[in-house]
Amino acid sequence: MEPLLNYVGGKFVPARDERTREFLNPADNSVLGLATESDAADAAAAVAAARAAFDEGPWPATPPPERAARLFRLADLIEANAEEFSRRDTLNNGKPRREARFDAADTAACFRYYAGLATKPHGQTFELSDPNMTSMTVREPVGVCGQIIPWNYPLLMAAWKLAPALAAGNCCILKPSELTPWSAQLLFQLIDEVGFPPGAVQLLYGAGDPVGSALAASERVDKIAFTGGTATGRKIMQAATGNLKRVTLELGGKSPIVMFADVDPDVAVEYALFGIFAGQGEVCNAGSRLFLERALADKILPRLAAAAAKIAVGPGLDETSEMGPLVSRAHQQKVLGYIAGGREVGATLLTGGESYADHRAAGNFVPPTIFTDVPPDAKIWREEIFGPVLCVDTFETEEEAIRKANDTPYGLAGAVFTKDGSRAQRVIRRLRAGVTWINTFHFTFNEVPWGGFKMSGFGRELGPHGYDAYTEVKQITTHLAPAPLGWFRHLG
Ligand code: NAD
């Protein structure tokens with residue numbers, strides 16, 4: 001089996017000591033392939049290639065329309081290969097094929113969005129208090145960017161990182177999760193086909209530590225963009241202090257969905273399920289805490305449990321599957337551990353909870369699981385489970401809903417459902433979260449910023465903010481009538 005290779009300085013290369021790591025199909029834990037397994041020296045070589053390309057190479061100096069042309073071409077190639085991308089992400093991550101198809105389309109759109117933005121105005125001019133002077137700002141690329149991504153959206157997270165960074169003229173090193181390396185290989189084959197200058201963009205396979213940690217600590221890296229767990233984010237921030245590199249962190253969440261009693265029960269049931277069970281709940285903004293106004297809870301809870309139990313759980317490649325397996329056996333065990341913990345502390349299990357004993361036993365399946373009556377200090381209530389586990393609570397008043405929704409150290413996302421427009425605005429403006437929805441959930445657009453409050457991280461991806469995050473602002477001030485200053489008396 002030929003391993004997937006790193007891409008460094010415009011060439012596909014194995015890691016120096018030629019070690020490899022298997023990657024698996026979580027639907028049955030069979031081996032899909034091997035990826036080369038880098039170490040800190042490979043990371044240093046990738047950084048050196050990016051550094052040279054940034055400091056001496058053509059990419060940062062390439063006119064924006066030419067950078068845009070390459071990214072548009074890449075988007076076209078991604079679209080042409082969308083079926084293969086979705087097949088790889090479904091097989092390697094486990095997600096249902098229809099979700100992986102959605103990711104592939106969104107990936108092409110993300111490259112197009114930032115290709116377009118590359119050529120738009122980014123500077124400003126300033127009127128100064130001295131009429132002989134004028135000042136303007138320009139935006140310049142940050143430099144060498146280490147981009148570390150998780151396993152839940154293997155292709156799409158690569159796009160969220162690479163598209164704005166390359167559009168702005170940075171040189172990049174992408175490190176995918178060691179669990180889901182497959183789609184990145186195809187992406188870099190297409191990058192190679194488009195023909196970026198050598199060193200403009202590298203792919204580096206390997207473990208978080210030593211490879212991701214080497215990028216975070218390297219004083220030759222100017223920025224780390226990270227999506228992943230909160231504990232890892234904290235380590236990256238600490239490692240980044242040496243050269244005070246720029247850091248953006250997109251971390252976990254425990255996002256609330258608040259539904260008032262005026263919501264159509266059909267809408268309430270479907271969005272509650274969609275909020276937590278799309279992507280098997282392995283979604284950073286998953287709506288894992290559901291707050292129902294008491295009257296609505298009485299109406300929909302039995303329906304919610306029955307509908308969750310009917311979700312078709314199976315291998316993602318099976319087009320009838322609505323929920324796939326979790327990414328790994330270890331993660332499945334972690335999620336089942338949370339569920340067991342919830343039962344032990346006396347939460348009421350409405351549905352789910354047990355892993356499957358049928359043909360799905362070889363895979364990492366966890367059924368849609370719903371708890372009510374969860375003690376407020378229970379781990380399932382407070383911690384990010386990152387799996388198909390919903391905790392439901394009720395409320396009587398708007399104030400109570402807001403207080404409970406905000407009672408979490410996280411602040412990635414949140415939503416309110418109600419037909420009362422004023423109430424929707426009141427509630428949403430008080431939610432302490434970076435991504436919010438009224439009467440919908442999950443839908444994410446390349447045009448608007450994405451990122452968290454509180455322990456869900458900082459910095460924004462997507463939209464113009466996501467482009468700005470890959471730039472430094474430079475002030476350029478000009479004297480319009482230069483003449484001797486007369487500052488030093490001896491100069492006359
Ligand atoms: P993780 O933090 O374990 O890994 C994420 C990436 O970081 C992987 O590439 C991993 O190899 C790397 N890594 C691990 N240790 C490292 C270290 N010490 N230094 C540098 N890099 C290191 O997370 P995961 O288990 O892959 O993903 C799940 C987590 O990601 C969840 O907590 C979820 O909330 C979060 N997530 C957040 C978002 C978001 O947009 N906010 C999106 C997706 C996932």
Side-chain angles (χ1 to χ4, degrees), residues 21 23 26 35 37-40 43 92-95 103 106 110 146-161 173-181 184 203-218 221 224-240 245 247-255 276 278-288 326-328 330-332 334-335 338 383-387 408-414 433-435 442 444 449-462 466 469:
R21 178 194 291 261
F23 57 96
E37 179 77 2
S38 314
D39 61 15
N92 193 187
N93 160 278
K95 64 177 67 191
D103 292 353
D106 212 13
C110 184
Q147 305 179 307
I148 303 173
I149 58 173
W151 42 258
N152 58 344
Y153 290 88
L155 177 63
L156 188 61
M157 287 300 110
W160 283 25
K161 298 280 181 281
I173 303 144
L174 181 78
K175 197 208 84 64
S177 164
E178 51 275 44
L179 297 177
T180 51
L203 171 64
L204 192 61
Y205 288 122
D209 192 12
V211 179
S213 51
L215 296 177
S218 171
V221 172
I224 290 285
F226 171 74
T227 299
T230 300
T232 314
R234 205 176 272 126
K235 283 187 204 159
I236 285 176
M237 227 178 134
Q238 281 161 354
K245 61 174 64 67
V247 176
T248 53
L249 300 177
E250 302 278 348
L251 308 175
K254 194 78 183 169
S255 299
I276 183 65
Q280 302 82 238
E282 296 172 319
V283 180
C284 48
N285 65 280
S288 49
L326 301 194
V327 73
S328 66
H331 188 53
Q332 178 206 34
K334 187 172 159 200
V335 171
Y338 271 114
E383 297 182 11
E384 181 182 48
I385 299 174
F386 221 57
T408 167
Y410 292 110
L412 184 57
V435 181
H442 270 320
T444 300
W450 177 275
F453 286 15
K454 302 197 277 183
M455 274 173 61
S456 293
F458 48 78
R460 292 294 178 269
E461 298 191 289
L462 301 185

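Throughout, residue positions are numbered sequentially from 1 according to the sequence presented. Each ligand, and each atom within it, is numbered from 1 in the order the structure gives.
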Is the closest basic N to carboxylate O distance between Asp209 and Lys235 below 4.0 Å?
->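 Between Lys235 and Asp209 there is no salt bridge, as every charged N stays at least 4.0 Å from the carboxylate O atoms.
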Which of the numbered atoms in ligand 1 are below 4.0 angstrom from a heavy atom of [X]?
{"X": "Gly229", "result": "1 (P), 2 (O), 23 (O), 29 (C), 30 (O), 32 (O), 35 (C)"}
{"X": "Ser213", "result": "19 (N), 20 (C)"}
{"X": "Pro150", "result": "26 (O), 27 (O), 43 (C), 44 (C)"}
{"X": "Ile148", "result": "6 (C), 7 (O), 9 (O), 12 (C), 20 (C), 21 (N)"}
{"X": "Ser177", "result": "9 (O)"}
{"X": "Leu412", "result": "41 (N)"}
{"X": "Gly212", "result": "19 (N), 20 (C), 21 (N)"}
{"X": "Gly252", "result": "34 (O)"}

Please write down residue, atom name and distance for the protein heavy atom closest to [atom].
{"atom": "atom 3 (O) of ligand 1", "result": "Thr232 OG1, 3.8 Å"}
{"atom": "atom 9 (O) of ligand 1", "result": "Ile149 O, 2.8 Å"}
{"atom": "atom 43 (C) of ligand 1", "result": "Asn152 ND2, 3.1 Å"}
{"atom": "atom 13 (N) of ligand 1", "result": "Gly208 CA, 3.3 Å"}
{"atom": "atom 36 (N) of ligand 1", "result": "Cys284 CB, 3.5 Å"}
{"atom": "atom 28 (C) of ligand 1", "result": "Phe386 CE2, 3.4 Å"}
{"atom": "atom 35 (C) of ligand 1", "result": "Gly228 O, 3.0 Å"}
{"atom": "atom 34 (O) of ligand 1", "result": "Glu384 OE2, 2.6 Å"}

Would you please test Glu178 and Val211 for side chain to side chain contact (heavy atoms under 4.5 Å, CB included) and show each step?
-> CA-CA 10 Å; Glu178 51 275 44; Val211 179; over 6 Å; no
Side chain to side chain contact (heavy atoms under 4.5 Å, CB included) between Ile385 and Lys254: does it pass, once the steps are laid out?
-> CA-CA 8 Å; Ile385 299 174; Lys254 194 78 183 169; 3.9 Å; yes
N or O pair under 3.5 Å between Lys235 and ligand 1 |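 N/O-N/O distance under 3.5 Å: no.
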Any N/O pair Trp151/ligand 1 closer than 3.5 Å | yes
Examine distances only and state if a side-chain atom of [X] and a backbone atom of [Y] form a donor-acceptor pair shorter than 3.5 Å.
{"X": "His331", "Y": "Gly387", "result": "no"}
{"X": "Ser213", "Y": "Pro210", "result": "yes"}
{"X": "Lys95", "Y": "Asn152", "result": "yes"}

Is ligand 1 under 4.0 Å from a heavy atom in the side chain of [X], in the backbone, in both, or in neither?
{"X": "Glu178", "value": "side chain"}
{"X": "Phe226", "value": "side chain"}
{"X": "Pro176", "value": "backbone"}
{"X": "Leu251", "value": "backbone"}

Partner of Glu250 under side-chain contact (heavy atoms from CB on, under 4.5 Å), picked from Trp450, Phe226, Trp160, is Trp450
Assess whether side chain to side chain contact (heavy atoms under 4.5 Å, CB included) is satisfied between Val435 and Asn285, documenting all intermediate values.
-> CA-CA 8 Å; Val435 181; Asn285 65 280; over 6 Å; no
Closest by any non-hydrogen atom to atom 42 (C) of ligand 1: pick that one out of Val435, Thr227, Leu174.
->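 Ranked by closest heavy atom to atom 42 (C) of ligand 1, first place is Thr227.
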Are any non-hydrogen side-chain atoms of Leu326 and Lys334 less than 4.5 angstrom apart?
->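 No - every pair of side-chain heavy atoms lies 4.5 Å or more apart.
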Looking at atom 19 (N) of ligand 1, would you say a protein heavy atom lies below 4.0 Å from it?
-> yes
When the aromatic ring centroids of Phe23 and Trp151 are compared, is their separation below 6.0 Å?
->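 Not close enough - the centres of the two rings lie 6.0 Å or further apart.
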Interatomic spacing from [atom1] in [X] to [atom2] in [Y] - rounded to 0.5 Å:
{"X": "Leu204", "Y": "Ser38", "atom1": "CG", "atom2": "OG", "value": "4.0 Å"}
{"X": "Glu384", "Y": "Ser456", "atom1": "CD", "atom2": "OG", "value": "8.0 Å"}
{"X": "Leu249", "Y": "Ile236", "atom1": "CG", "atom2": "CD1", "value": "7.0 Å"}

Please walk me through it: do Lys454 and Thr408 pass side chain to side chain donor-acceptor pair (under 3.5 Å)?
-> CA-CA 9 Å; Lys454 302 197 277 183; Thr408 167; 5.7 Å; no
